[in-house]
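Just the heavy atoms: all of them, side chains too, but no hydrogens, waters or symmetry mates, feed the values below. Within every chain, numbering begins at 1; the chains are lettered A, B, ... in the order of the sequence lines, protein sequences first and strands thereafter.
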Protein chains: 2
Amino acid sequence: MTSSKPKVLDRIDLTILDVLQKNGRISNSTLAQRVNLSASPCLERVKRLEHEGYIESYGAFLNASKLKYGMTAFIQVTLDRTTADIFNKFRAEVIGIKQVAECHMVAGGFDYLVKICFEDMAAYRALLGTIVELPGVSQTHTYIVTEHVKRHSGVPIFD
Amino acid sequence: MTSSKPKVLDRIDLTILDVLQKNGRISNSTLAQRVNLSASPCLERVKRLEHEGYIESYGAFLNASKLKYGMTAFIQVTLDRTTADIFNKFRAEVIGIKQVAECHMVAGGFDYLVKICFEDMAAYRALLGTIVELPGVSQTHTYIVTEHVKRHSGVPIFD
DNA sequence: TTATTAGCCGAATAAATTACCGTAAAAAAA
DNA sequence: TTTTTTTACGGTAATTTATTCGGCTAATAA
């Protein structure tokens, strides 16, 4: 037997996830203090949480405004035919657009909700032109974001 | 003179941002190799990028499905009166809801676009009930996410 | 009870972080 | 052009951290 049992996460595991989600670059020794463990079992738990897939990756949150991507918009996209082929082509191409921060297929009125980031209205027009030309796109509607009320709040750990 | 000049980011700075955005927990020494610097000037640059606000924070991306928040939806929210007071109250309360992953004020048809995560439809109903009761809410429309085509792609660094 | 397992601590060592200094190249001033 | 100043680099060394390993303890199962 190689696989380990699907152990339930205890309070310490959850605290580790909560801390790492908010401070991905904390040192293991500091993390250990936070959860009242010594360094070795703490590191063991972090490794386990990574290997079991609870932690998918680590990243840095950058200031988009300082990097010329200070504006955000959501574009509702409707495709003209809902065949698997059309969907696949659209997906493949939209993923390749760097300014597309997110793209979700949705139920409830249109097909895709695309979140984009860009510098100014000129960049927006160019980007919209690109998206309108994607395979199968029949109509779009844009909502420009005027204020970020809440952003990258992670997964709720302690309710 | 205490403040430093607003230096333009060079290729090395941009590479550092690009790498950290995708791998927030990389060690400084490995990062230094990637950008062909020794450890000390590399660390200096990272610290500078943090202090100048290019890097806002670091985080871990968790697997929401394994943590009982596998479903996502976007809720369009319209408020009944558009006074500053109503907006402020709504903002203050929506921020406090843990399952609200994002909330954006938007122009183009309704007032707020709220992204929520939840476990199942029972949890969704409870959450929608909470949101409908928030100060000033007059109507909502929900789009359930059926597929994540693209997620947490960061800010484009190299176009 | 006894064996087994899981999970912890602490020590030892390897590695990384971080501050400091000397140097060289580039920029600014003379 | 020459000198001065600034900037950014690399190397070194002290400190801190990561990581491995052995052994202890408590809970569980036989």
Side-chain angles (χ1 to χ4, degrees), chain A residues 1-63 66-68 154-155 157-158, chain B residues 1-63 66-68 154-155 157-158:
Chain A
M1 184 70 98
T2 311
S3 65
S4 53
K5 61 183 66 165
K7 187 180 164 293
V8 166
L9 301 187
D10 62 17
R11 185 160 305 269
I12 296 179
D13 291 320
L14 293 174
T15 306
I16 289 173
L17 292 177
D18 196 40
V19 170
L20 284 177
Q21 184 170 234
K22 292 165 185 159
N23 180 6
R25 233 175 141 76
I26 193 174
S27 76
N28 179 66
S29 52
T30 307
L31 177 60
Q33 288 178 258
R34 289 269 224 107
V35 299
N36 298 311
L37 280 181
S38 61
S40 19
C42 183
L43 185 64
E44 227 176 323
R45 282 172 183 260
V46 172
K47 288 274 158 64
R48 181 169 56 76
L49 292 168
E50 290 171 359
H51 290 141
E52 290 180 353
Y54 290 97
I55 299 171
E56 294 180 341
S57 66
Y58 299 92
F61 295 108
L62 307 184
N63 184 324
K66 303 194 72 156
L67 295 165
K68 307 290 185 191
V155 179
I157 302 292
F158 298 113
Chain B
M1 182 71 95
T2 311
S3 64
S4 54
K5 62 181 67 162
K7 186 179 164 292
V8 166
L9 302 186
D10 62 17
R11 185 161 305 271
I12 296 180
D13 291 320
L14 293 174
T15 306
I16 288 173
L17 292 177
D18 197 41
V19 170
L20 284 178
Q21 183 169 236
K22 292 164 183 158
N23 181 6
R25 230 175 143 75
I26 192 173
S27 77
N28 179 67
S29 51
T30 306
L31 177 61
Q33 288 178 257
R34 289 267 225 111
V35 298
N36 299 312
L37 282 181
S38 61
S40 13
C42 183
L43 184 64
E44 230 176 319
R45 283 172 182 260
V46 171
K47 287 275 156 65
R48 182 171 55 77
L49 291 167
E50 290 171 355
H51 290 142
E52 290 180 354
Y54 290 96
I55 298 171
E56 294 181 342
S57 64
Y58 299 93
F61 295 109
L62 307 184
N63 184 324
K66 303 194 72 158
L67 294 164
K68 308 289 183 189
V155 180
I157 302 292
F158 299 112

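- Going from atom CG of Leu9(B) over to atom P of dT7(D) covers 17 Å, rounded to whole Å.
- Taking all atoms of both residues into account, the shortest heavy-atom contact from Cys42(A) to Val35(A) is SG-CG2, 4.3 Å.
- Distance CD (Glu44(B)) to P (dC9(D)): 7 Å, rounded to an integer number of Å.
- The shortest side-chain heavy-atom distance between Leu9(A) and Leu67(B) falls under the 4.5 Å cut-off.
- If you check every strand for non-hydrogen atoms under 4.0 Å, Arg45(A) touches sugar and phosphate atoms only.
- Arg48(A) has its CZ atom 7 Å from the P atom of dG7(C), to the nearest Å.
- Counting heavy-atom neighbours within 6.0 Å of Lys66(A) NZ, excluding the residue itself, gives a total above 12.
- In this entry the distance linking CD of Gln33(B) with C1' of dG11(D) reads 16 Å, nearest Å.
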Could you go over nucleotides 13-19 of chain C and give all protein N or O partners under 3.5 Å, atom names and distances?
{"from": "dT17(C)", "atom 1": "OP1", "to": "Asn28(B)", "atom 2": "N", "distance (Å)": "2.8"}
{"from": "dT17(C)", "atom 1": "OP2", "to": "Asn28(B)", "atom 2": "N", "distance (Å)": "3.2"}
{"from": "dT17(C)", "atom 1": "OP2", "to": "Ser29(B)", "atom 2": "N", "distance (Å)": "2.9"}

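- Under the 4.0 Å criterion applied to side-chain N and carboxylate O atoms, Asp10(B) and Arg45(B) are assigned as salt-bridge partners.
- One can place CG of Asp10(A) at 15 Å from P of dA27(D), the figure rounded to the nearest angstrom.
- If you measure from atom CG of Asn36(B) to atom P of dA8(D), you get 18 Å, rounded to the nearest angstrom.
- Within 6.0 Å of CZ in Arg34(B) there are 12 or fewer heavy atoms belonging to other residues, nucleotides or ligands.
- Looking only at side-chain heavy atoms (C-beta outward), Asn23(B) and Thr30(B) stay at 4.5 Å or farther from each other.
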